[in-house]
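Read the structure below first, then the notes.
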Amino acid sequence: MNTNMKKYTVLAFGIAKDILGGRQCEIELPGNTVSALRTALVGQYPALAGLRSLLIAVNSEYAEDGVLLEERDEIALIPPVSGG
Amino acid sequence: MNTNMKKYTVLAFGIAKDILGGRQCEIELPGNTVSALRTALVGQYPALAGLRSLLIAVNSEYAEDGVLLEERDEIALIPPVSGG
Amino acid sequence: MITLSETPLDVQQIIQAATRLQAGAINAFIGTVRDNAKGKQVLRLEYEAYESMAVAEIQKIVDAAAAKWPLQAYAISHRVGVLEPGDVAVVVAVSTPHRADSFAACQYIIDTLKETVPIWKKEVLEDGEEWISAHP
Amino acid sequence: MITLSETPLDVQQIIQAATRLQAGAINAFIGTVRDNAKGKQVLRLEYEAYESMAVAEIQKIVDAAAAKWPLQAYAISHRVGVLEPGDVAVVVAVSTPHRADSFAACQYIIDTLKETVPIWKKEVLEDGEEWISAHP
């Protein structure tokens, strides 16, 4: 195992939950940015690439690509919202 | 009495009721148009001239100045409305 | 449903009357009596209507709204009589398939109601009373 | 008041929560489940929320609205879980001193809620199901 790999827990909702096969998954990646996480997730679950948008929230806030992740963060995959 | 005089019953609401001193009054005038009625009413109750507007409804419809009145019409004085 | 009422308005019932299964959006405007006006305390409002004409004029407004927006249903009720702060004076509720239309139609109806419908309001403040909008 | 609810929304209570004596105007938007979509019969909608974030995002929308309009009070409730045609999915109620602001603020809140708040809706029709807006 690459010593730079970090393990993140990712919550998934809506269609992302269906694509990941569950409300929560763990993913290891050689990086610690939001964009690295998104790339890894889309690599592992190609159907995510077909969504109209795919945002990532860190600790309940929408996070830009450059935001740095900590292993203890609450990370969530936010597919296109459709409330109301 | 002028044989051309006609007698109309006029309903009054809001501030017009206060000015006329009642919900209903009778007025005789030598004419049969809405404008003749308004002129006669303002002559008899000068405070009506101080209102922001003074419309006349005939049989529950707003009536233009030229509309002809019949003695049996339901005529109403409509001061500025303020519902809601 | 268009009504003038001498008794308190039931907001829930009026909204219910404007609800339809095929309409996804309901907008409701509720006008209440404020406890203050012109920096003074409001004691009460007295509403008076030329009732038959008022209902007919509201119907005209609804018909005009139905020509502009896909109204599925509507319910409009206005109080008459003596109202105190907190009382509901008017409720306009409309339903349309989609939400932007519900806002536009409801706002059109209440805005036009206040301009054309023969209803009058006397405001009784702590230091005097006035028929609203009567004078320039 | 901002709530997500697994039980039916009480429209009257939500509107009441947005009512203030000093506010003369209340606007309420009520989104209900339509019985039809794309020409098909709707069997049910399934709403799911990222609850902690959804409440925080709605609060941000309300704060932005309060900076634009003189909001006296607000109440926003959204259902989660399984809803059937006719059920109320969302209620947004706001009060302001005057009416134009109540329409503008309420419409801003529901429009923005639908764009930014992490709530998802799966539509189950007679012939299939779909997460709404998921795909281009």
Side-chain angles (χ1 to χ4, degrees), chain C residues 9-16 18-39 41-42 45 72-73 83-114 121 123 132, chain D residues 9-16 18-39 41-42 45 72-73 83-114 121 123 132:
Chain C
L9 301 185
D10 181 334
V11 173
Q12 173 75 14
Q13 187 212 325
I14 295 163
I15 290 174
Q16 193 60 40
T19 300
R20 291 292 179 278
L21 266 180
Q22 64 272 35
I26 303 160
N27 190 264
F29 176 80
I30 300 152
T32 62
V33 179
R34 284 191 290 159
D35 64 358
N36 67 91
K38 310 172 191 84
Q41 192 187 337
V42 173
L45 296 185
Q72 298 278 357
L83 277 71
E84 296 181 346
D87 287 348
V88 174
V90 62
V91 180
V92 176
V94 304
S95 59
T96 61
H98 300 289
R99 77 182 182 287
D101 289 336
S102 73
F103 280 94
C106 188
Q107 190 159 19
Y108 170 82
I109 291 171
I110 184 66
D111 285 355
T112 312
L113 183 154
K114 292 173 85 94
K121 168 167 58 191
E123 189 173 73
I132 297 299
Chain D
L9 300 185
D10 182 334
V11 173
Q12 173 75 13
Q13 187 213 323
I14 296 163
I15 291 174
Q16 194 60 39
T19 301
R20 291 294 179 276
L21 266 179
Q22 65 271 33
I26 302 160
N27 190 263
F29 175 80
I30 301 152
T32 63
V33 179
R34 283 190 291 158
D35 63 359
N36 67 91
K38 309 172 190 83
Q41 190 186 337
V42 173
L45 296 185
Q72 297 277 357
L83 278 71
E84 296 181 347
D87 286 348
V88 174
V90 60
V91 180
V92 176
V94 303
S95 60
T96 61
H98 300 288
R99 78 181 181 287
D101 289 335
S102 73
F103 280 95
C106 187
Q107 191 159 19
Y108 171 83
I109 291 171
I110 184 66
D111 284 356
T112 312
L113 184 154
K114 292 173 86 95
K121 168 168 56 191
E123 191 174 72
I132 297 298

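Chain letters run A, B, ... following the sequence lines, proteins first and then strands; every chain starts at 1. All values derive from a computational prediction rather than experimental measurement.
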Which bit of Ala25(C) is near chain D, if near means a heavy-atom gap under 4.5 Å: side chain, backbone, both or neither? both
At a heavy-atom separation under 4.5 Å, does Ala100(C) approach chain D through its side chain, its backbone, both, or neither? both
Does Gln22(D) CD have over 12 foreign heavy atoms under 6.0 Å away? yes
Sub-4.5 Å side-chain heavy-atom contact between Ile15(D) and Ile15(C): yes
For a quick test of reading the model, state the closest non-hydrogen atom pair linking Cys106(D) to Val92(D) and the distance between them. SG-O, 3.5 Å
Asp35(D) side chain near Val42(D) side chain, heavy-atom distance below 4.5 Å: no
Side chain, backbone, both or neither: which part of Asn36(C) has a heavy atom under 4.5 Å from chain D? side chain
Counting only heavy atoms closer than 4.5 Å, note whether Val11(C) contacts chain D via side chain, backbone, both or neither. both
For each of Ala23(D), Gly31(D), Pro97(D), tally heavy-atom pairs with chain C at distances under 4.5 Å, and name the one with the top tally. Ala23(D)
Do the rings of Phe103(D) and Phe103(C) sit parallel, tilted or perpendicular, given the 30° and 60° boundaries? perpendicular
May I ask you to name which of Gln16(D), Gln107(D), Gln12(D) has the most heavy-atom pairs under 4.5 Å with chain C? Gln107(D)
